[in-house]
Amino acid sequence: VVILPGFFSEANLSMLRCRDQRRCIGGPPGEVCAPGRERRACAFCTDGFHPIGDGGCAPCDAGSEWIVVFAVVVAVIGCVLMYIFAQVHRTSTGGSQTSIGILLGLFVGLMQ
């Protein structure tokens, strides 16, 4: 039995249509996922892999965790700077709360 591209089947021959045909390349039951893909309907990348444009998954780069560390450091520095700004520009009219709200919104948008 050969499973057609775009479909998923395990050894028990229960059939599922794959969400993205490129993820399920066809073949014998249990071996229909694109390289680096696994589980039901080839929906997930194997641990240590990330999705790529052709439907498969490629190994993660060794330095990719530094992106997360950098983002966390920038977030902490941004929060400290907003706190300092709020303390320096504190007024009785509540203008600093508005300024902090605007800065926080800009910062969150930047981090996304």
Side-chain angles (χ1 to χ4, degrees):
V1 174
V2 176
I3 309 302
L4 296 175
F7 293 91
F8 174 82
S9 178
E10 296 173 332
N12 65 4
L13 296 180
S14 61
M15 299 290 293
L16 295 171
R17 183 182 302 263
C18 293
R19 184 174 190 177
D20 183 346
Q21 183 173 350
R22 298 174 301 170
R23 294 179 181 182
C24 302
I25 58 174
E31 300 177 23
V32 297
C33 294
R37 291 252 170 218
E38 65 179 5
R39 296 197 266 185
R40 185 170 228 175
C42 308
F44 298 96
C45 289
T46 306
D47 286 341
F49 285 70
H50 66 91
I52 55 176
D54 67 357
C57 297
C60 294
D61 297 333
S64 61
E65 67 273 359
W66 289 105
I67 294 171
V68 174
V69 172
F70 177 74
V72 169
V73 168
V74 168
V76 169
I77 291 171
C79 289
V80 169
L81 290 175
M82 283 191 292
Y83 176 78
I84 292 170
F85 178 78
Q87 295 303 315
V88 170
H89 296 289
R90 191 184 309 188
T91 65
S92 60
T93 62
S96 66
Q97 291 177 349
T98 304
S99 298
I100 289 185
I102 292 170
L103 285 174
L104 186 59
L106 290 171
F107 184 70
V108 168
L110 175 69
M111 292 308 295
Q112 290 178 351

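Source: prediction; values computed, not measured.
- Remark: C42 SG to C33 SG, distance under 2.5 Å.
- Listed by chain and residue number, R22 satisfy the side-chain hydrogen bond (donor to acceptor under 3.5 Å, both in side chains) test with D20 (two or more places apart in sequence, or in another chain).
- Nearest approach of A34 to G55, heavy atoms of both residues: CB-O, 4.0 Å.
- Partners of Q21 according to the side chain to side chain contact (heavy atoms under 4.5 Å, CB included) rule, which considers only residues two or more places apart in sequence or in another chain, are P5.
- Of all the heavy atoms in V32 and G27, the pair that sits closest is CG1-O, 3.6 Å.
- Closest heavy-atom contact between P51 and C45: N-SG, 3.5 Å.
- When all heavy atoms of A58 and I52 are compared, the pair lying nearest together is CB-CG2, 3.7 Å.
- Each of F8 and V2 belongs to its own hydrophobic cluster when Ile, Leu, Val, Met, Phe, Trp and Tyr are linked at side-chain heavy-atom distances under 4.5 angstrom.
- Legend: side chain to side chain donor-acceptor pair (under 3.5 Å) pairs involving residues 30-51, not counting sequence neighbours: none detected.
- L4 is connected to L16 through a chain of hydrophobic side-chain contacts under 4.5 Å among Ile, Leu, Val, Met, Phe, Trp and Tyr, so both are in one cluster.
- Nearest heavy atom pair, residue F7 against residue C24, reads O-CB, 3.4 Å.
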